[in-house]
Undergrad: 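Encoded as C-alpha cells, here's the structure I'll be asking about.
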Amino acid sequence: MRQYRLFLAAAACMGAALSAGAQSAIDAYNVSSNQLRGTARFVAMGGAFTSLGGDISTLSQNPAGIGVYRHSDIGFTFDISVRNYNSTTETTKESNRQTKVYFDNFGYIGTVRLNGALRTFNWGVSYNRLASFDRRFSGYNNPQASSLTNYIASFTNGTDSGDMLFNKSEDYNPYLDSNADWLSILAYNSMMINNQYSDTEYTGLHQGTSTADAEYTIHETGYTDEYNIDFGGNVSDIVYWGLGVGIVDMNFSRRSNYSESIANALIYDGNGMNLATGNAGFGLYNDKYISGTGANLKFGVIVRPIDMLRIGLAVHTPTWMHQTSSGYGETEYNYTPEGATRPNSGREYTDNFEYNWRLNTPWRFMVGASLVIGNKAIVSLDYERVAYSDMKVKYQSWNNWGDTYVDDDNVNTSVKEYFKASDIIRLGVEYRITPSFSARAGYNYQTTNVRDAAMNGSTEIYTSGTDTGYSFCLL
C-alpha cells in the first residue's frame, strides 16, 4: 500500500500506488463522489435548484423543493452520455470514448391541499442515479526508465523471504499467516523480485543497462443509486420546508491490467540459483468489487420574502454505508536467461479477499438564491460545500461478544492527508419563449477535493488489494 507514480502519474486523473489488502481512503473516495444527474431541466440549469424547487430532482438535493408543488406530478428521465477519456504518458497519448444510455430519474409527488397557514402538505418518492462509474483508461510508455518491480523490492526490504513462501509449514499461507505486504508476496512468488544474497534484501528486474516499456488498461463499472422519501409543505406561500430520507445502493467493480517488457533484465539463470541477464515480461492483473447500502437524512427550507426572490438552504447528513469488498490479484510471468533454451514462465494468484467495512460519506451544505422574473425568466445561483476530509471508515473486528466495527485510524488519517473540502458553484438560467417552450443554460464548477501533496505525488498513497492504480477524477 505505497505510492508509485512513475507508471500512471501522467495518465489523465490517474496515479499509482502499491497496496496490501484492506479498505483504503481511495475506496472511500471512489464511492462517495456524486455527479450532476437528474431531470432534463435540472441538468440543463446546472443543478442550481437549491432555492427553486418544483422539480423531482430536488428530492435528492433540497427536500424543501417539494413544498413548492401545488399539484401532483410524475416524471422520468433517460440520459445519453458521451464521454471521452484521455490518458497521457511521457511518450504517448491514448483516447477512449464511451457512449452510454442511462435511466437516471423517476419520481412521484403527491399534494394535499389544506386550509389555514399550512397551504399544502406534500409527499414524494423518487429514484435518482447519483453517479455512474463506467469508464476506461489505457496507456503505453516507451521507454520505461525503471520498473514496478524495483519499487516493490525497495519496500519489501526487511521482510524475511521465508515468511512469503507457502512451504514454510504444511498449512502455512503467507497471505493469511504473515504480516508481509500482499503485493510483496505475489511478486516474490512470481520472481518479479529476487534475493540471491540475503533473506531480507531484494532486487527488481530493471538494472542500469535495461530497456523497458509498460502498458496498462483499467476498466471500471458501477453506479450509486438513491431512493428518496420526502415530506414537505407550504406555509403561507412564504416558507417551504422539507425533510427526506435517502436509501443508497451502490456497486463498483474495477479490473486493471498492468504489464512490462524488459530487455537485459536481472533474472534468475536457467538453474534458478543465481542472478543473470535476460529478457523478462510480466503482467499484473487485479479484480475488485465493492457493494454497499446505506441511508442519509436531508433537511431544507426555501423562503420567498418577495414574489421575485427565493432563498434556499439544505443540509445532508453523511450517508451511513455498510460495504463489502472482494477481489484477488494475479501475475503472469515469462523470463528467458541469455543462452537458455526455454523460458521460465508461470502464473501466481493471491488469496481471494472479502471483508466488510463501514463508511460515513461527507456532510453536504448548500445555499442558493434565485430571481423569478414574472412568467418569463429565472436566474438561479447555488453554493455547496462538501467536506471530503470528514469521511470516516470503520473495519470489522471480532471479540468475545461477536463482531463489531472499529475506527480505522490508518485509513482515516489518510483521508485527511489526501482530501479536503470541495466548493461547488452552480448557475442556471431559464427563459420562457412560449408557454410550452423554454431555453435553458447552466454552469457547474467544482474545486478540487484532493490536496496538492496527494495530486503531485509528494505524499504516500495507499490503496487496497494488489492494484497499483487509483483515480482522482471528478466525473
Undergrad: Assess whether atom NZ of Lys392 is packed by more than 12 heavy atoms of other residues, nucleotides or ligands within 6.0 Å.
TA: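 Incorrect, the count does not exceed 12.
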Undergrad: Is there a salt bridge (Lys or Arg N to Asp or Glu O under 4.0 Å) between Asp104 and Arg129 once you walk through the steps?
TA: CA-CA 5 Å; Asp104 271 358; Arg129 175 144 293 184; 5.3 Å; no
Undergrad: Return the orientation label for the Tyr127 and Tyr227 ring planes: parallel under 30°, perpendicular over 60°, tilted otherwise.
TA: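 Tyr127 and Tyr227: tilted rings.
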Undergrad: Taking Gln207 for the side chain and Asn264 for the main chain, is one N or O donor matched with an acceptor at less than 3.5 Å?
TA: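 Yes: the side chain of Gln207 pairs with the backbone of Asn264.
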Undergrad: Is the closest side-chain donor-acceptor distance between Asp408 and Gln23 under 3.5 Å?
TA: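 Gln23 and Asp408 do have a side-chain donor-acceptor pair below 3.5 Å.
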Undergrad: Yes or no on side-chain hydrogen bond (donor to acceptor under 3.5 Å, both in side chains) for Tyr188 and Asn195, after CA distance, side-chain angles and deciding distance?
TA: CA-CA 9 Å; Tyr188 185 69; Asn195 63 324; 3.0 Å; yes
Undergrad: Distance alone, cut at 3.5 Å: any donor-acceptor contact between the side chains of Lys394 and Asn360?
TA: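 Side chains of Lys394 and Asn360: no pair found under 3.5 Å.
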Undergrad: Before you tell me yes or no, could you show the steps for Tyr258 and Tyr285 under side chain to side chain contact (heavy atoms under 4.5 Å, CB included), namely the whole-Å CA-CA distance, both residues' side-chain angles and the distance that decides it to 0.1 Å?
TA: CA-CA 6 Å; Tyr258 175 82; Tyr285 313 99; over 6 Å; no
Undergrad: Under 3.5 Å, side chain of His206 to main-chain N/O of Ile262, donor-acceptor pair present?
TA: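 Flag not set: sc His206 to bb Ile262 has no pair under 3.5 Å.
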Undergrad: Begin from the C-alpha positions of Tyr395 and Tyr355 and carry the test ring-ring contact (aromatic ring centres under 6.0 Å, His included) through to its verdict.
TA: CA-CA 8 Å; Tyr395 66 87; Tyr355 51 86; over 10 Å; no
Undergrad: When you compare the side chain of Thr447 with that of Asn449, does any pair of heavy atoms fall below 4.5 Å?
TA: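 The answer is no, as the side chains (C-beta and beyond) never meet within the 4.5 Å cut-off.
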Undergrad: If we only count heavy atoms from C-beta on, is the Asn30 to Phe133 side-chain gap below 4.5 Å?
TA: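 In short, these two side chains do not touch, never coming nearer than 4.5 Å.
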Undergrad: Can Asn142 and Glu215 be counted as having a side-chain donor-acceptor contact under 3.5 angstrom?
TA: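 Absent: no donor and acceptor within the cut-off.
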Undergrad: For the backbone of Asp230 and the side chain of Asn228, can you confirm whether one donor and one acceptor N or O come within less than 3.5 Å of each other?
TA: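 A pair under 3.5 Å: no.
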Undergrad: Assess whether side-chain hydrogen bond (donor to acceptor under 3.5 Å, both in side chains) is satisfied between Asp351 and Asn173, documenting all intermediate values.
TA: CA-CA 9 Å; Asp351 272 24; Asn173 183 336; 2.8 Å; yes
Undergrad: Does Asn167 CG have over 12 foreign heavy atoms under 6.0 Å away?
TA: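 Count over threshold, so yes.
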Undergrad: Would you tell me whether Glu260 and Ser147 have side-chain atoms, one donor and one acceptor, within less than 3.5 Å of each other?
TA: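 Yes - a donor-acceptor pair under 3.5 Å links their side chains.
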Undergrad: Taking only Lys NZ, Arg NE, NH1 and NH2, and the carboxylate oxygens of Asp or Glu, determine whether Asp287 and Arg254 approach each other closer than 4.0 Å.
TA: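 No salt bridge links Asp287 with Arg254.
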Undergrad: Does either side chain, that of Asn274 or that of Gln196, offer a donor lying less than 3.5 Å from an acceptor on the other one?
TA: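 Indeed, the side chains of Asn274 and Gln196 share at least one donor-acceptor pair under 3.5 Å.
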Undergrad: Apply the test side chain to side chain contact (heavy atoms under 4.5 Å, CB included) to residues Asp213 and Asn141: give CA-CA distance (whole Å), side-chain angles for both, the deciding distance (0.1 Å), then the verdict.
TA: CA-CA 6 Å; Asp213 56 36; Asn141 199 38; over 6 Å; no
Undergrad: Carefully, step by step, assess Ser178 and Asp163 under the rule side-chain hydrogen bond (donor to acceptor under 3.5 Å, both in side chains).
TA: CA-CA 6 Å; Ser178 77; Asp163 292 340; over 6 Å; no
Undergrad: Tell me yes or no: between the side chains of Asp225 and Asn128, is some donor less than 3.5 Å from an acceptor?
TA: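 Their side chains do not contain a donor-acceptor pair, so the 3.5 Å distance test is not met.
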Undergrad: Counting neighbours of CZ on Arg440 that are heavy atoms of other residues, nucleotides or ligands and sit closer than 6.0 Å, is the number greater than 12?
TA: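 Counting neighbours around CZ of Arg440, more than 12 heavy atoms of other residues, nucleotides or ligands fall under 6.0 Å, so yes.
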Undergrad: Is there a donor-acceptor contact under 3.5 Å linking the side chains of Ser184 and Thr156?
TA: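 Yes, because at least one side-chain N or O of Ser184 sits under 3.5 Å from a partner of the opposite role on Thr156.
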Undergrad: Below 4.0 angstrom, N of the basic side chain to O of the carboxylate: do Arg37 and Glu226 qualify?
TA: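 Not counted as a salt bridge, because no side-chain N and carboxylate O are separated by less than 4.0 Å.
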Undergrad: How about Ile229: does its CD1 atom have over 12 heavy atoms from other parts shown lying under 6.0 Å from it?
TA: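 It does not: Ile229 CD1 has 12 such atoms or fewer within range.
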Undergrad: Report the C-alpha separation of Leu205 and Leu266 in whole Å, then their side-chain angles, then the decisive distance to 0.1 Å, and conclude whether the side chain to side chain contact (heavy atoms under 4.5 Å, CB included) test is met.
TA: CA-CA 5 Å; Leu205 301 177; Leu266 192 62; 5.8 Å; no
Undergrad: If you apply the rule side chain to side chain contact (heavy atoms under 4.5 Å, CB included), what do you find for Met191 with Tyr333, and how did you get there?
TA: CA-CA 8 Å; Met191 292 179 285; Tyr333 57 89; 3.7 Å; yes
Undergrad: Can a donor-acceptor pair be found, under 3.5 Å and without considering hydrogens, that links the side chain of Tyr202 to the backbone of Asp199?
TA: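 It does hold such a pair.
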Undergrad: Any side-chain heavy atom of Thr361 within less than 4.5 Å of one from Met321?
TA: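 In contact.
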Undergrad: May I ask you to decide if Phe282's main-chain N or O and Ser259's side chain share a donor-acceptor pair within less than 3.5 Å?
TA: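 No, the answer is negative, given that no donor and acceptor are paired below the 3.5 Å cut-off.
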Undergrad: Do Ile56 and Asn105 touch side chain to side chain, with heavy atoms closer than 4.5 Å?
TA: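 Yes. Closest side-chain heavy atoms under 4.5 Å.
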Undergrad: Return yes if a side-chain donor-acceptor contact under 3.5 Å exists between Asn62 and Thr50, otherwise no.
TA: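 Asn62 vs Thr50: no donor-acceptor pair found between side chains.
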Undergrad: Can you list every pair that meets salt bridge (Lys or Arg N to Asp or Glu O under 4.0 Å) and has a residue in residues 147-160, with sequence neighbours left out?
TA: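 Sorted pair list comes back empty.
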Undergrad: Indicate yes or no for a side-chain donor-acceptor contact from Tyr418 to the backbone of Tyr462 under 3.5 Å, with no hydrogens or angles considered.
TA: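 Yes: the side chain of Tyr418 pairs with the backbone of Tyr462.
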Undergrad: Would you call the rings of Tyr405 and His322 parallel, tilted or perpendicular, taking 30° and 60° as the class edges?
TA: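 If you compare the ring of Tyr405 with that of His322, the planes turn out perpendicular.
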Undergrad: Would you say the side-chain atoms of Asp55 and Thr39 include a donor-acceptor pair closer than 3.5 Å?
TA: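 Judged by distance alone, the side chains do pair up.
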Undergrad: Examine the side chains of Thr324 and Asn356 and answer whether a donor and an acceptor come within less than 3.5 Å of each other.
TA: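 The answer is yes; a qualifying pair exists.
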Undergrad: Strictly distance-based, threshold 3.5 Å: is any side-chain N or O of Glu332 a donor or acceptor partner for the main-chain N or O of Gly346?
TA: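 Not at all, since once roles are kept as given, no pair shorter than 3.5 Å links the two residues.
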Undergrad: Are the charged groups of Arg364 and Glu384 less than 4.0 angstrom apart, N to O?
TA: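 Looking at Arg364 and Glu384, the cut-off is met.
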Undergrad: Going by atom types alone, do Asp27 and Ser464 pair a side-chain donor with an acceptor below 3.5 Å?
TA: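 Checked: Asp27/Ser464 side chains pair up, N/O donor to acceptor below 3.5 Å.
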Undergrad: Step by step, work out the side-chain hydrogen bond (donor to acceptor under 3.5 Å, both in side chains) result for Thr221 and Ser253.
TA: CA-CA 5 Å; Thr221 60; Ser253 67; 2.5 Å; yes
Undergrad: Main chain of Thr448, side chain of Ser422: is a donor-acceptor contact present, judged purely on distance under 3.5 Å?
TA: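 Checked: no pair found.
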Undergrad: So do Ser33 and Tyr388 actually touch side chain to side chain, heavy atoms under 4.5 Å?
TA: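 Yes; the side chains approach each other to less than 4.5 Å.
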Undergrad: Can you find a heavy atom in the side chain of Glu330 that is under 4.5 Å from one in the side chain of Glu348?
TA: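 Glu330 vs Glu348: side chains apart.
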Undergrad: Answer with yes or no whether the side chains of Thr217 and Ser138 bring together a donor and an acceptor at under 3.5 Å.
TA: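 Looking only at side-chain atoms, Thr217 and Ser138 do not form any donor-acceptor pair under 3.5 Å.
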Undergrad: Which label fits Phe42 and Phe49: parallel for a plane angle under 30°, tilted from 30 to 60°, or perpendicular past 60°?
TA: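 Aromatic pair Phe42/Phe49 classed tilted.
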Undergrad: So does Thr200 get a backbone contact from the side chain of Ser198, meaning a donor-acceptor N/O pair under 3.5 Å?
TA: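 Yes; at least one donor-acceptor contact below 3.5 Å.
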Undergrad: Does Val386 reach the side chain of Asn34, with side-chain heavy atoms less than 4.5 Å apart?
TA: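 Side-chain contact under 4.5 Å: no.
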Undergrad: Does atom CZ (Phe76) have a neighbourhood of more than 12 heavy atoms from anything else shown, all under 6.0 Å?
TA: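 Counting other residues, nucleotides and ligands, CZ of Phe76 stays at 12 neighbours or fewer.
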Undergrad: So does Met391 get a backbone contact from the side chain of Tyr29, meaning a donor-acceptor N/O pair under 3.5 Å?
TA: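 Here the side-chain-to-backbone pair does not exist.
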Undergrad: Could you tell me the separation between the CG atom of Leu297 and the OG1 atom of Thr319, rounded to the nearest 0.5 Å?
TA: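 Going from the CG atom of Leu297 to the OG1 atom of Thr319 covers 9.5 Å.
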Undergrad: Would Asn279 and Tyr335 count as having a side-chain donor-acceptor pair, cut-off 3.5 Å?
TA: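 The answer is no; no qualifying pair exists.
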Undergrad: Could you tell me whether the side chains of Trp363 and Thr317 share a donor-acceptor contact shorter than 3.5 Å?
TA: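 No.
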Undergrad: Does either side chain, that of Thr466 or that of Asn286, offer a donor lying less than 3.5 Å from an acceptor on the other one?
TA: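 Result is yes, a qualifying pair exists.
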